[in-house]
Amino acid sequence: MSLSTLPSHESGPVRVVAPVLDVVVPVYNEEVDLEPCVLRLHAYLAAEFPYRFRITIADNASTDATADVARRLTEALPEVSAVHLSEKGRGRALKYVWTHSDAAVLAYMDVDLSTDLGALLPLVAPLISGHSDLAIGSRLARGSRVVRGAKREFISRTYNLILRGTLSARFSDAQCGFKAIRADVATRLLPMVEDTGWFFDTEMLVLAERAGLRIHEVPVDWVDDPDSRVDIVATAMADLRGIARLTRALGTGRLPLAALREQLGRNPLPVAGVPAGLTGQLLRFAAVGVASTLAYLALYALLRTGTGAQWANLIALLVTAIANTAVNRRVTFRVRGSDSAWRHQAQGLVVFGIGLGLTSGSLALLHTMTAPPTWLELAVLVIANLVATGVRFLLMRIWVFRATKAAPADA
């Protein structure tokens, strides 16, 4: 998607009614801060933003005079609209407004305007041009300037480390209240986002990454609001529950991310002679292979003290082969769910048989020539396993998991 400000030579001048950008300000009991926020935001957009815009106040079931303030603002400023929801939840408010907006690009920011507005155009420009699918302001990116207390700094960085460790997230700042998304992407992505609270942002970004969408990050200038009403403990617990739920959903393959990837995902740039996804698969397979080889050698050395070399090799290779197939199925070739799991293991055992033949044959050949010490046996087994590993990768790619396409984002 791209938007052009150049006039059309064919159709003549056309009056565009729908705004290019819809900025949502979700609020709950913000009768004091709402008016100065909207006035400042409106003044900035009117003076600096080169496209038609709208500001939407999303009232999350406020019980004070927030609704009255919002109504006054809509009457005074034609570019301001307001929506009142009967239930609380920032995620619920954003999902409702974004899925009902007619704007091409959808954004939101917190009512305290902690993020400097100078980052707004850099945030949405890649979405307007079609270069990116989502955009986030980042307080942790290089070049950002942040003023906040040590406690919030620690919590923010810890949360992002947890996301990287549990969900393999690659974006740097999940919860900065300064984000944007293309409307066509939101239409397909948001129905998959279940959270209605503070975890909404994180869930949206994780699913976007898994679907192969491009997330643009903008370093921001950000000043902490000392009057923030966010309950840090309750929010942290809700986020941890959200991480656990999303991990389960991704692990079971319940989410139709493959379909979303086909619709919106960005395929890797083609490289002559390199099949799509091969690079990412090789890297993941190598990591699994190193772990499997270490486990195999440790198990072999342990069993070798009480049994012969061939039996130790058979048992160690069988145990690690079963584990290797299961891990490669999920990690390397990104197969989710239980469908065909037994078939994959059966085919994996055939691959195991080939590896057993290579390693057992190497041991047998070694023992016909000499009575080798354990270190020499291990050295020969390492070489044999390297050959077996190459054969295993080829067979897994072209036979065991041949129906599984590589994940484009990991190429």
Side-chain angles (χ1 to χ4, degrees), residues 18-45 49 52-115 117 120 123-124 127 134-137 174-183 185-187 189-191 193-205 225 227-231 235 238 242:
V20 172
L21 175 67
D22 193 347
V23 182
V24 182
V25 182
V27 290
Y28 172 72
N29 288 350
E30 296 287 357
E31 60 181 2
V32 175
D33 293 336
L34 178 57
E35 185 169 357
C37 161
V38 172
L39 292 177
R40 178 182 162 197
L41 176 58
H42 183 274
Y44 174 83
L45 290 171
F49 194 70
R52 184 182 176 88
F53 67 89
R54 179 193 298 128
I55 300 170
T56 301
I57 302 167
D59 182 2
N60 296 276
S62 294
T63 56
D64 63 359
T66 295
D68 296 331
V69 176
R71 185 166 49 253
R72 288 202 311 268
L73 289 166
T74 62
E75 293 170 354
L77 302 170
E79 294 86 4
V80 176
S81 65
V83 173
H84 180 82
L85 285 82
S86 59
E87 296 180 87
K88 290 178 61 178
R90 182 181 69 169
R92 178 180 286 108
L94 290 176
K95 189 172 185 177
Y96 178 85
V97 177
W98 280 356
T99 54
H100 288 80
S101 178
D102 58 350
V105 175
L106 312 164
Y108 95 88
M109 59 184 62
D110 293 333
V111 69
D112 57 20
L113 296 184
S114 294
T115 304
L117 293 176
L120 182 58
L123 182 81
V124 301
L127 308 187
L134 297 89
I136 64 174
Q175 292 195 320
C176 179
F178 198 71
K179 294 184 175 69
I181 184 172
R182 279 177 26 209
V185 173
T187 300
L189 178 63
L190 295 188
V193 182
E194 296 182 16
D195 192 80
T196 59
W198 292 93
F199 189 68
F200 173 87
D201 300 46
T202 301
E203 186 170 358
M204 176 181 69
L205 292 172
D225 177 16
D227 190 36
S228 175
R229 302 178 189 181
V230 177
D231 187 328
T235 301

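Given the structure is predicted, the values throughout are model-derived calculations rather than measurements.
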Approximate separation, where rounding is to 0.5 Å, of Glu30 CD and Ile57 CD1 = 11.5 Å

Does Phe53 have any ring-ring contact (aromatic ring centres under 6.0 Å, His included) partners at least two apart in sequence or in another chain, and if so, which?
-> His42

Under the side chain to side chain donor-acceptor pair (under 3.5 Å) test, which residues partner Thr63, sequence neighbours left out?
-> Asn29

Supply the atom-to-atom distance Ile55 CD1 to Leu21 CG, rounded to the nearest 0.5 angstrom.
-> 9.0 Å

Partners meeting side chain to side chain contact (heavy atoms under 4.5 Å, CB included) with Glu35 (sequence neighbours left out) = Leu39, Val69, Arg72, Leu73

Got a sec, which residues hit side chain to side chain contact (heavy atoms under 4.5 Å, CB included) with Tyr44, two or more places apart in sequence or on another chain?
-> Glu48, Leu117, Leu120

Can you check side-chain contact (heavy atoms from CB on, under 4.5 Å) on Thr115 and Met109, steps first, answer last?
-> CA-CA 8 Å; Thr115 304; Met109 59 184 62; over 6 Å; no

Counterpart residues, ring-ring contact (aromatic ring centres under 6.0 Å, His included), relative to Tyr96 (two or more places apart) | His100

Non-neighbouring partners of Tyr108 that pass side chain to side chain donor-acceptor pair (under 3.5 Å), sequence neighbours left out = Arg90, Asp201

Between Leu123 and Ala135, the two heavy atoms sitting closest are O-CB, 3.1 Å

Which heavy atom of Ala183 sits nearest a heavy atom of Ala103, and at what distance?
-> CB-O, 3.2 Å

The side chain to side chain donor-acceptor pair (under 3.5 Å) partners of Ser62 (sequence neighbours excluded) come to Asp59

Distance from Leu106 atom CG to Leu190 atom CG, nearest 0.5 Å?
-> 8.5 Å

Which atom of Val124 lies closest to which atom of Ala180, heavy atoms considered = CG1-CB, 4.0 Å

So, does Lys95 use its side chain to make a donor-acceptor pair with the main chain of Val193 at under 3.5 Å?
-> yes

dist Thr196:OG1 -> Lys88:NZ (nearest 0.5 Å) comes out at 11.0 Å

Residue set satisfying side chain to side chain donor-acceptor pair (under 3.5 Å) with Asn60, at least two apart, ordered chain then number -> none

Taking only residues two or more places apart in sequence or in another chain, which ones pass side chain to side chain contact (heavy atoms under 4.5 Å, CB included) with Arg54?
-> Pro19, Asp22, Thr56, Ser81, Ser101, Asp102

What's the spacing between Ile136 CD1 and Ile181 CD1 if we round to 0.5 Å?
-> 12.0 Å

Side chain Lys179, main chain Ala174, donor-acceptor under 3.5 Å | yes

Name of the residue among Leu94, Val185, Leu134, Asp195 meeting side chain to side chain contact (heavy atoms under 4.5 Å, CB included) with Met204 = Leu134

Residues forming a side chain to side chain contact (heavy atoms under 4.5 Å, CB included) with Ser114, sequence neighbours excluded = Asp112, Trp222, Asp225

